[in-house]
Each structure stands twice: as C-alpha cells, then as structure tokens.
Amino acid sequence: MQEKYSPADVEKAAQAHWKAIDAYKAVENDPRFPKGKYYACSMLPYPSGKLHMGHVRNYTINDVMYRYLRMNGYNVLMPMGWDAFGMPAENAAMANNVPPAQWTYSNIAHMKEQMESMGLAIDWSREMAACKPEYYKWNQWMFLKMLEKGIIYKKTGTVNWDPIDQTVLANEQVVDGRGWRSGALIEKREIPMYYARITDYADELLDYVDHKLPGWPERVRIMQSNWIGKSTGVRFAFPHSIAGADGQPIGDGKLFVFTTRPDTVMGVTFCAVAAEHPLATHAAQNNPELQAFIAECKMGSVIEADMATMEKKGMPTGLFVTHPLTGAQVEVWVGNYVLITYGDGAVMGVPAHDERDFAFAKKYNLPIKQVIRAEGQDYSDAAWQEWYGDKSVSIVANSGKYDGLNYAQAVDAVAADLAALGLGEKKVTFRLRDWGISRQRYWGTPIPMINCADCGVVPVPEKDLPVVLPEDCVPDGTGNPLNKHEAFLKCDCPQCGKPARRETDTMDTFVDSCWYYMRYTSPGSNASMVDARNDYWMPMDQYIGGIEHAVLHLLYARFWTKVMREFGLVKFDEPFVNLLTQGMVLNETYYREDAAGKKTWFNPADVELTTDDKGRPQSALLKEDGAPVQIGGTEKMSKSKNNGIDPAAQIEQYGADTARLFTMFASPPEQTLEWSGSGVEGANRFLRRVWSYAYAQKARIDASGAALTAAANGDAQKTLRRELHKVLQQADYDLKRIQYNTVVSACMKMLNTMESAKLDDSAESNAVLSEGLAIFLRLLNPVAPHITHVLWQELGYAGDILDAAWPQVDPAALEQSEIEMMIQVNGKLRGSVKVAKAADKAAIEAAALAEESVQKFIEGTPKKVIVVPGKLVNIVV
RNA sequence: GCCCCGGUGGUGAAAUUGGUAGACACACCGGACUUAAAAUCCGUUGGCCGCAAGGCCGUGCCGGUUCGAUUCCGGCCCGGGGCACCA
C-alpha cells in the first residue's frame, strides 16, 4: 500500500477493474439483486465537445444514487446517450468546414472518455445517439403512424421564423419574442409544416401533472400546468350581416368570442378584435387611418415582452354586431391587446367587470354597465375591481332573467340560451398550441415524406425506413443543404413509381429526446422501437436533469409516451415516476469595462483575490498583468461570462473523487452550487486524510469481523460504536431523501470520530476499528468510488466494495444507559442533566428541578413542567 | 400584474419538519513542526457586555399562536425563477 494518496493511480486501477469485469452492465431480472429494478437516468447531453460542471453534477447525483441502491440490493440501470442532432453542429460545421456528423462523432468520443474518467456506473452497452439511423428510423416510424392516425397533420400556418438560424421555432422556443438559441427577433412567416396534436392530450397531460405525479417537484408541476393553461368558459357568436368583398357574410355572419365569464354577458358594451381579424381587415379597406393602426399593431406584436406593458389602444371599425341575448347593437373595435392566436382572436368587452376592458372603456369613453354584485352586497356600492376575480361570491344583477344567479348557475343559464339560439356552447380553451415539428434544417431526422408531381405528398412506406440522412453535407448558411443534395432528393413515388422528390425538412430535435430513455432499455431492437425489456425497466424510477427542461422536453416526452401507449407500445401512462431537477452551477465573475462600456470577462482561474481580515474579498487582480479587475458577482457558469471551470482540469489536478465529493458536499442537489476553489482543496484534503488514516490503521484491521461480537465493552469502544452507528443512521435517512451534501458531512464526522477515539491496543478495539472503517468506506463509496474501492482491497475486506452489502445500523450500538437532557426555564436553555435512560417523567422532573444551574431561575413552585422524552425538560414559572 | 421558491455567522451550508440554532466544511486568526516555505497537526471563531464566572441579544422586518417558533399563521421588505394584454 502506498503511503500517500495518489488519485491518478487509484482511479486508473479502479476504472481498469470495472472495465475488466464489465461492472455496470445491467441485465433484466438479474438474480443478484433481490429487490428488483431501479431505473435512474440523467437527461442526455448534447455533444458540444467537452463536459461542463453541470454535467459533472448531474451524473454524480445519478451515480451516487446508483451505487447506494445497488449496495442495497437493487438492479440499477444508469445509461447514457447523445442528443446528437441540432444546430450547434451545423454552426460548427460552417465555422470549421467539417460535416456536422464528423464534428458530432468526435465530440461524442471525447466526452465519453471524460465520463469514463469520472468513474460513472454507466452501462455503455446501451449507449444511443440520436443521429444514428437505427435510432431515428423509429422517429420516422412514429411519424408515419401518427400521420396515419391523424395525430400528426400538415397545415400552413403562421410560424415563428428565426432570421439568424433560418428556421421555424415552436412557441416554446420563442422567449420574449426572441429565438431561444440565437436571440434574434422573431418574424412571422407562412410555411407549410407538420404539427403534432399535443392539444388533444392537453386534458390528460394537465390532469396527471396536477394530481398524479407526486414524485415531481411542485414547481415543475406548476410550470407545466401554467403552460397548458386551461380555461373553461363559453364560446359564442355575435351575429351580423357584414359582407366581404365576395358578397358573402364574413365568418358566416358570426363574430365568435371566448369568455370565462359568461355570467357578465349582459354587461357587454363593445367587442374588440385582433388586428389580424377578418373584420378588422375588412373595415380597414376604405379606412387609411385604421390601416395604419393595424399595421402598427402588427409591428408591435412581434415583441411580446413589450405587449404586457403596452398601453391599451384601439380604434372603432364602424361595424356593428348584434348582442345574441339582448339584440342590442354592439360596436366592433380593433384592440391592440387582443391576440389572434388565442381563442377566436376576438373578445367581448365588459368594462364593468374586466380590468383591461375597463381601462379601454375609460380611455375611449365607452359605456360601462355593471351586471354583477358581490353576495350580500348592494348592487350600487360594489366597485368592479373588488370581486371580479372571485367567482365564488358574485351574483348576477341588472341582467333581467339572470338576476340573482350565482356564477355556476349563470354560466349554465347563459350557455343554454346561447345553445338554443345555435350561437354558442360551453368550451374549454388551452394556452397550449399544437407542436410544430418541421424544421428547415439539415442536421436532424428526415421527415419521411415524398413529393410527387402526380400523387401529391406521399408517405414513405414503412419497409423503406429509415430515410437515411446523408452525413457528408457541410451547411453554408444559405438554408438547408439537403435542397442541393441530388442523391438524397431523387426518389421514386411509392404510389405511381414515377420520379419524385423527397421532403427536405427535418424534425425538431425535441422529438429525439421524447423517447431515448426507452431506447436504452432495448438496445439493438430491430423489429420495433422498444421491446419486452422496456416493460421491465420502464416507467423510469428517477429522472435527473436541469430545471430548464421543466416545460418543453418533459411535456413533449409525456405526450409521446401517451401516444406510444395508444399504439400499444407501452403499458404505462407516465414515463417518469420521480423527477429531480438539479440546481445550476455558479461561479464568480470578473471583468473589465472599456471606455465604450464593453465588458471583457476573465476566468476566475486567472484572477488573484485579496481579502480583508474576515476573509471577504477586497480586490481582484488579473494574474497576467497584476492590474485590478472588477468583481462581477456570482453567476451561472457560462461561456459568455467566462466563468466556467473545466472538469477535465479539475480531475487532472485533484482526481475525480475530489470533484465528485466537492460537488456533492457544497450544496443539496436541487439548490444552486457555488464553485469554490478552496472548497475543492478541502474536499481533496479530506480524501488525503482518509488515505492516511487507513494507511496508519492497516495493521490493526481484522477484516473478518470475527472479534466484534465479543468486543465493545470498554467505554471508548462503546462510545465510538454509538457515534458511528448514529451517524450512519442519519446518513441513511439523507441518502433516501437525496440530500447528499449531509451524507458527505456524515463521512467527515465518522472520520473525525475515529481519529479522536481513545482506543487501546486490545483485540476488541481493533475489532471496533475494523467495523468502523468498513462502515465508513461503504458510506463514502457512492460519492468517492475509486478511493474506497482501493482502500477496501488494501485493508483486506472481502469481495468488491461495489457489491458489498450496505452497512446496517446496529440498534444495540445505539443504546445508552444514561442520556443527557436539556433543561429550559420558560423556553430558555438554562442547563442540562444526565438521567437514566429508563427514568420516568417524575424522576426526570425531579432531577431537572434539582439541577443547581437552573435553580436560580426558578422562584417558588413551577407552574408547569413539560418533559419531551429523550430531549428536554421545560420548566414554566 | 399573477404564480412559485428562497432570505440562518466572514462564506457554502445543517437542524431527521414545533424541542440544545449554526452540525460538517471553507476562510480568518493564534500555536506546534520547519533554517524557511508548502504540507500536516492542535486551538479560537454569531454579536454585545464582562478580568472572570456568567449574562443579554440573535435565523430579512413587524405582529400572532404555543410551555417552547429557523420551522405554524397574518402583514410587509428584499433576492431568484416561471408566466404574462390568455379574454
């Protein structure tokens, strides 16, 4: 055994051993693991080139879970794969004139090496990459099945066009009116494309996320719920006879609106339509002023973020529609706050009971008619704002036959009357849109369709799948290179056999991540996308990934699963039973600002900090030139702030165990983690101490554990055993609730306890020590698998620590004849007293009252004495 | 604007969900070892008062419930995230 801890040697040896025995290959129904399967999976990485700290954190959490559960008898699966399609590869291709395929495959190779250097328990036999035909063939197969069932359909629609990336984005990919990757202002374009009917599943997706996913974090459930955005109300029409250019009534003579407050319908004093609404277009024909206003609205609507704060503006169209229940003529306005994309692009205006309508009516002097009062309140003294939002107390008033009805009654009555007129019905509206999956991009799954001059758009027959994406293209920034790839384009029409052209659009890469975690379960499955093995592993027991995927990926994957269920491919409703969203990794930032205000960011590794006597940072100097830089605060590690720490460099300097230990120790998995160079040093110092301690005690270790039963009679022995088992108990609890930072604390505490134990040289002491180290190494193993693997061997413990049984708390070790109880007087800590463990309440009370240190706080007889068993005594005076 | 999640020493954090606040670390300071430095080891470290024994205060702020509140309730302040003219 080496005297000094050498991470490089230790990790090389451990990793070679794992490789030699194929340690992490998971087999269905493996008899070695009696507790059954546990599928713990991380969100698959994009192969950007190298690992970042977010990956390290993600996979370490996954790995700790794996090792803990395996030692507890579970058949654990931890797979890995590559989100290998997507735009960065195209951008890199343009920059370096290399095909995306080549760039991607070499990145995968490099990142895989880095993962191996972390000592992760990955079953590589299940590795997948989204850009491999054997994978994306099944995207195409699902596409065709969904097309056949009408779950995918083609339509020409207004789409978000990203002018920098030259592609269409889903609504979800547009953030504040800008492309989620490029940051470019999004334009509207009309493009034919394929949509998936996720809205058909909106109700079920909402129901499960609201009520049936207890293993998901509350905030993710709320985010999804908001995203789906269910509203219940009534959709109804205002009849009219406004005719268009063709002489026919526009919209069949009906102006449809949607409202969640049909109980206020008698208070309508105007209608407002979106700038894009047919009535607006019609009215503008001979009205240049309105034309200009509509143009202004369309311009403004590009930047959604500004819309919320934008002033409510409108203009009358001069057109009138008929109120369906009163017959009154209602003027139609164009309003800049009405969205063409929601409902029917038109709203009824009830200024008395809607904040926006109220502001609008005030501004343009439109009538305000109150038709709601609060329960128990007079009609006259109710101000609209106070109870508009609270449907539970509103009563209809000033509305003829509806007077006196509460919300639910009014909705029913109004809906029934509108239905009788054939003008409306109850309706549920969602914020969620159908998912546009076509992308005008090269590096993705080809959409398996063929355009034939005679037959039109024809699906590729299943037998001809996969439609293989050529891997030799180099995009040049002028659109999709497939459009120039004759060998790809050229094909025969499956229907008529005549020469035809292939569709060149590819699928959104979110399709790839919809089901990859199921493909892991069925590697090599050629006859179907997943096989019987999927039934064994899925649904996934634990999914781990970043909060940034709380809506998009997780919603699409849930949708996809439900479609697969419909096709009989899976038997469950939801793919992910438990979800852990790990926190971001942060680091300090340093910058200099030039005269023009442009900031240059410096990597923390190149900056020297000076601190005051409390250790607070005072100033920062760039190592290179010794001149000061500004301290910019702690932010998410990113390229743009140049505050990333390279995991490879950390592993090189300290070893993987140190990197793992630090990332687990610094904060709980779900919280943000602040990088700290000295914290890493501390983690490394701990592992060096572990090694030195094991080295020093090696001669005393009796790995057989034979002497233990007779041992532990001395006070020091008992105390040590008690401490160790107590800490183990706590650590077990923390492992179960995935609070790994305190598990590391527990390891540190154990080492401290063993080091300071005052043991003699007896065989009994040696036995206690042997037990202690065996517990300690196994507890530390999930976090630091390499050093514990080697020490387990060096100290002569039996077998491979990987499959050692998890240490069990010995209740006998925890037993104490005497316990210390705290004494409070009026809730304030005043002293403590040792009492026999078996002491009854009266005895404890007496002992507490007799305690000298507390007596001076007690005058006369105590009013009351509260005894909390095993904890404390509170004396109330 | 609405909806979430946070706020605890100089710093990261803990407190098994109402029972000893600050575990475990980092940093700082002091000491040992060393010719010296690094490494290592030992010790102090929430604030205030006090020579000390000890006392008082203390988990963003103000109240409340309770024998007892970081934890529960009400109202504010601050930070982070999500949604945002959604009818």
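Here is the naming used below: chain letters follow the sequence lines, and residue numbers restart at 1 for every chain.
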Nearest of B:C26, B:A14, B:C67 to any side-chain atom of A:Asn874? B:C67

Side-chain N or O of A:Arg235 versus OP1/OP2 of B:A87: is the shortest distance under 4.0 Å? no

Base, sugar-phosphate alone, or nothing: which one does A:Phe258 contact when heavy atoms must sit under 4.0 Å apart? base

Looking only at side-chain N and O atoms, does A:Gln824 come under 4.0 Å of OP1 or OP2 in B:G19? no

May I ask you to verify if any side-chain N or O of A:Arg685 is less than 4.0 angstrom from the OP1 or OP2 atom of B:C26? yes

Would you indicate what A:Glu674 reaches in the nucleic acid, counting non-hydrogen atoms under 4.0 angstrom: base, sugar-phosphate, or nothing? sugar-phosphate

Parallel, tilted or perpendicular: which one describes the rings of A:Phe776 and A:Phe686, with boundaries at 30° and 60°? perpendicular

Rounded to the nearest Å, what distance is computed from the CD atom of residue A:Gln224 to the P atom of nucleotide B:C4? 17 Å

With a non-hydrogen cut-off below 4.0 angstrom, is A:Asp734 in contact with a base, only sugar-phosphate, or nothing? nothing

Heavy atoms only, 4.0 Å cut-off, all strands: where does A:Arg221 land among base, sugar-phosphate and nothing? nothing

Just call it for A:Lys863: base, sugar-phosphate, or nothing, with non-hydrogen atoms closer than 4.0 Å on any strand. nothing

Can you figure out which of B:G12, B:A13, B:C85 approaches the side chain of A:Leu339 most closely? B:C85

Closest to side chain of A:Val338, choosing from B:A14, B:A25, B:A87: B:A87

Do the charged groups of A:Arg689 and A:Glu755 touch, with an N to O distance under 4.0 Å? yes

Would you mind classifying the nucleic acid contact of A:Phe665 as base, sugar-phosphate or nothing, using non-hydrogen atoms under 4.0 angstrom? base

Hey, is the main chain of A:Val783 close enough, under 3.5 Å, to the side chain of A:Arg660 for a donor-acceptor pair? yes

Tell me if the centroids of the rings in A:Tyr654 and A:Phe662 come within less than 6.0 Å of each other. no

Using ring centroids (six-membered ring only for Trp), state whether A:Phe270 and A:Phe360 fall under 6.0 Å. yes

Treating a pair as Watson-Crick (purine N1 to pyrimidine N3 plus N6-O4 or O6-N4) or G-U wobble (N1-O2 and O6-N3) with both distances under 3.5 Å, list the stems of 3 or more consecutive pairs that involve RNA chain B. B:1-7 with B:77-83, B:10-12 with B:24-26, B:29-32 with B:40-43, B:46-49 with B:54-57, B:60-64 with B:72-76

A:Lys864 side-chain N/O to B:C67 phosphate OP1/OP2 under 4.0 Å: yes

At less than 4.0 Å, is any side-chain N or O atom of A:Asn741 found next to OP1 or OP2 of B:A23? Yes or no. no

Short side-chain N/O contact to B:U40 OP1/OP2 from A:Arg688, under 4.0 Å: yes

Starting from C1' on B:A69, measure out to CG on A:Leu829 and report it in whole angstrom. 15 Å

Look at the side-chain N and O atoms of A:Thr260 and state whether any lies under 4.0 Å from the OP1 or OP2 oxygen of B:C86. no

Can a donor-acceptor pair be found between the side chains of A:Ser225 and A:Asp210 at a distance below 3.5 Å? yes

Hey, can you pull the residues of residues 340-349 of chain A with a non-hydrogen atom under 4.0 angstrom from RNA chain B? A:Tyr342, A:Val347

Would you indicate what A:Glu820 reaches in the nucleic acid, counting non-hydrogen atoms under 4.0 angstrom: base, sugar-phosphate, or nothing? nothing

When you measure from the side-chain N and O atoms of A:Gln739 to the phosphate of B:A15, is any distance below 4.0 Å, counting only OP1 and OP2? yes

A:Leu751 CG to B:A25 P, in whole Å, measures 9 Å

In whole angstroms, the gap separating P of B:C4 from CH2 of A:Trp227 amounts to 19 Å

Tell me whether B:G9 sits syn or anti, counting syn as a glycosidic angle within 90° of 0. syn

Does a distance-only test, which skips hydrogens and angles, find a donor-acceptor pair under 3.5 Å between the side chain of A:Asn226 and the base of B:C83? no

Using atom CZ of A:Phe358 as one end and atom C1' of B:G1 as the other, report the distance to the nearest whole Å. 17 Å

For A:Ile866, which contact category applies under a 4.0 Å heavy-atom criterion: base, sugar-phosphate, or nothing? base

May I ask you to evaluate whether A:Lys828 reaches the phosphate of B:C57, defined as a side-chain N or O under 4.0 Å from OP1 or OP2? yes

